[in-house]
Q: 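Dropping the structure in here first, questions after.
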Amino acid sequence: MNMKKEIEAKAGIADGIRLNNIEIDPLTIRAMMINEVVPSDPLQDFYGASDADYLKTTIPLFQGAGAEAASIQDILQMGIYLTNAVKTPKTGNTIEKSRIENSLPYLEAELSFFPNLKVIMLMGDVAKKAYNMIAKKSAKKNVIPAVSTYKLRNSEIYDKGIRIMPSYIMTGGNLLIETSKVTMVTEDIAVMLKIIR
């Protein structure tokens with residue numbers, strides 16, 4: 001199925017919202033990684049150009065976790081779907097709550113398409129916030145406690161039988177110089193890979 005068409009059919013079409021325009025079999029997906037925000041240039045997103053900026057940091061994280069990944073197709077073949085919580089590019093240094101709220105129907109639609117999910121990785125604070133906003137609708141409370149990610153990393157958090165793993169953002173040039181975060185993200189990806197195998 002085409003993700004963009006199916007999400008738009010479920011959540012509607014809106015100006016400026018960027019969705020993954022890819023063909024995928026949702027039954028093959030066992031893990032979803034939710035990054036913070038789409039890049040300003042769509043070609044730099046996960047499913048953009050083969051040398052996209054988002055892949056320049058993400059693929060080495062998978063390789064560091066022991067996965068044989070050289071492309072986004074390799075990651076999809078492992079049963080892992082990558083997306084962004086906020087579907088419009090950020091305009092400043094921070095992402096306003098209204099931008100997260102505007103993207104929620106699209107992220108919620110995406111989440112609904114994968115019946116075989118075992119793990120959802122939340123890559124960064126914006127992804128954690130977005131997921132909590134969605135979960136609050138049915139659970140009436142946050143699924144992810146409001147504490148630092150490093151304190152949550154080894155916690156086993158579940159929502160509707162799916163392991164929820166808070167981690168750190170996996171994109172952006174700064175990631176490559178923050179070696180401690182690279183180490184933690186690769187460890188988290190390794191745990192996720194064990195769960196879905």
Side-chain angles (χ1 to χ4, degrees), residues 1-4 7 18-90 95 103 106-107 110-111 113-114 116-128 130-131 149-150 153 162-197:
M1 69 180 229
N2 181 279
M3 286 301 293
K4 183 176 191 288
I7 295 166
R18 292 219 201 113
L19 303 169
N20 297 326
N21 192 8
I22 60 164
E23 293 294 326
I24 193 169
D25 177 357
L27 299 178
T28 64
I29 301 301
R30 296 181 313 282
M32 185 171 177
M33 296 176 75
I34 304 173
N35 188 52
E36 292 198 331
V37 62
V38 295
S40 52
D41 177 359
L43 289 176
Q44 301 309 318
D45 206 346
F46 298 113
Y47 305 98
S50 61
D51 63 343
D53 286 346
Y54 275 18
L55 293 176
K56 286 178 186 168
T57 53
T58 301
I59 287 172
L61 293 171
F62 272 87
Q63 292 169 340
E68 291 185 30
S71 70
I72 190 63
Q73 287 305 316
D74 292 341
I75 294 169
L76 283 169
Q77 290 290 320
M78 287 183 250
I80 303 161
Y81 175 73
L82 277 56
T83 195
N84 298 289
V86 178
K87 311 296 187 188
T88 54
K90 66 180 177 179
I95 299 169
S103 294
Y106 302 95
L107 180 59
E110 263 176 314
L111 283 161
F113 290 124
F114 304 116
N116 299 322
L117 275 184
K118 292 182 177 183
V119 180
I120 296 171
M121 291 190 72
L122 305 173
M123 312 309 290
D125 291 340
V126 171
K128 284 191 330 194
Y131 191 83
T149 298
Y150 78 91
R153 283 184 58 241
I162 299 168
R163 173 84 180 266
I164 309 299
M165 296 180 62
S167 191
Y168 296 99
I169 192 160
M170 61 182 170
T171 54
N174 287 343
L175 179 67
L176 298 175
I177 57 173
E178 296 184 61
T179 54
S180 63
K181 283 194 179 165
V182 168
T183 300
M184 289 186 278
V185 174
T186 55
E187 289 169 356
D188 294 343
I189 291 172
V191 170
M192 177 262 291
L193 290 169
K194 273 187 199 159
I195 294 169
I196 66 170
R197 282 194 179 126

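For the numbers below, each heavy atom of this structure counts, side chains included, while hydrogens, waters and symmetry mates do not.
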Q: Does any non-hydrogen side-chain atom of Tyr131 lie less than 4.5 Å from one of Leu111?
A: yes
Q: Does any non-hydrogen side-chain atom of Phe113 lie less than 4.5 Å from one of Met3?
A: yes
Q: Please evaluate residues Asp53 and Thr171 with respect to the criterion side chain to side chain contact (heavy atoms under 4.5 Å, CB included), reporting the C-alpha separation (whole Å), side-chain torsions for both, the decisive distance (0.1 Å), and the verdict.
A: CA-CA 8 Å; Asp53 286 346; Thr171 54; over 6 Å; no
Q: side-chain hydrogen bond (donor to acceptor under 3.5 Å, both in side chains) with Asp45: which residues, sequence neighbours excluded?
A: Asn84
Q: Please give me the minimum heavy-atom distance between Ala70 and Gln63, naming the atom from each residue.
A: CA-NE2, 4.4 Å
Q: So which heavy atom on Ala65 is nearest to which on Ala190, and how close?
A: CB-N, 3.7 Å
Q: Taking atom CD of Glu23 as the centre, does the number of heavy atoms from other residues, nucleotides or ligands within less than 6.0 Å exceed 12?
A: yes
Q: The test is side chain to side chain contact (heavy atoms under 4.5 Å, CB included); show your working for Asn21 and Tyr47 and say whether it passes.
A: CA-CA 8 Å; Asn21 192 8; Tyr47 305 98; over 6 Å; no
Q: Using 0.5 Å steps for rounding, measure from the OG1 atom of Thr149 to the CG atom of Leu122.
A: 9.0 Å
Q: Does a side-chain heavy-atom distance below 4.5 Å link Met170 with Leu82?
A: yes
Q: Measure the CD1-CG distance between Ile29 and Leu76 for me, rounded to the nearest 0.5 Å.
A: 5.5 Å
Q: Atom CE of Met123 and atom OH of Tyr168: how far apart are they, to the nearest 0.5 Å?
A: 10.5 Å
Q: Hey, could you give me the CD1/CG distance between Ile80 and Leu117, rounded to the nearest 0.5 Å?
A: 11.0 Å
Q: Lys90 and Val38: side chain to side chain contact (heavy atoms under 4.5 Å, CB included), yes or no, with the steps?
A: CA-CA 8 Å; Lys90 66 180 177 179; Val38 295; over 6 Å; no
Q: What heavy-atom pair brings Ile196 and Arg30 nearest, and what distance separates the two atoms?
A: O-NE, 2.9 Å
Q: Got a salt bridge between Glu36 and Lys128, using NZ or NE/NH1/NH2 to carboxylate O under 4.0 Å?
A: no
Q: Could you report the tightest heavy-atom contact between Gly172 and Thr57, atom names first, then the distance?
A: O-CG2, 3.6 Å
Q: Is any side-chain heavy atom of Arg163 less than 4.5 Å from a side-chain heavy atom of Ile195?
A: yes
Q: Looking only at non-hydrogen atoms, find the nearest pair between Ala127 and Ile34 and report the distance.
A: CB-O, 3.3 Å
Q: Dump the intermediate steps for side chain to side chain contact (heavy atoms under 4.5 Å, CB included) on Leu107 and Met32, then the final yes or no.
A: CA-CA 11 Å; Leu107 180 59; Met32 185 171 177; 4.1 Å; yes
Q: Is any side-chain heavy atom of Met192 closer than 4.5 Å to one of Asp188?
A: no
Q: Taking the side chain as everything from C-beta on, heavy atoms only, tell me whether Glu110 gets closer than 4.5 Å to Lys87.
A: yes
Q: So, using side-chain hydrogen bond (donor to acceptor under 3.5 Å, both in side chains) as the criterion, who are the partners of Lys4 when residues are at least two apart?
A: Glu8
Q: Measure the spacing between CG of Leu27 and CE of Met1 and express it to the nearest 0.5 Å.
A: 9.5 Å
Q: So, the side chain of Arg153 versus the backbone of Met184: is there a donor-acceptor pair under 3.5 Å, distance only?
A: yes
Q: So do the side chains of Asn35 and Phe46 get within less than 4.5 Å of each other, counting heavy atoms only?
A: yes
Q: Which atoms form the tightest heavy-atom contact between Pro89 and Ser40, and what is the distance?
A: CB-CA, 3.8 Å
Q: To the closest 0.5 Å, what do you measure between NZ (Lys181) and OG1 (Thr183)?
A: 12.5 Å
Q: Could you tell me whether the side chain of Thr186 reaches within less than 4.5 Å of the side chain of Phe62, counting heavy atoms only?
A: no
Q: Just by distance, do the side chain of Asn20 and the backbone of Ile22 share a donor-acceptor pair under 3.5 Å?
A: no
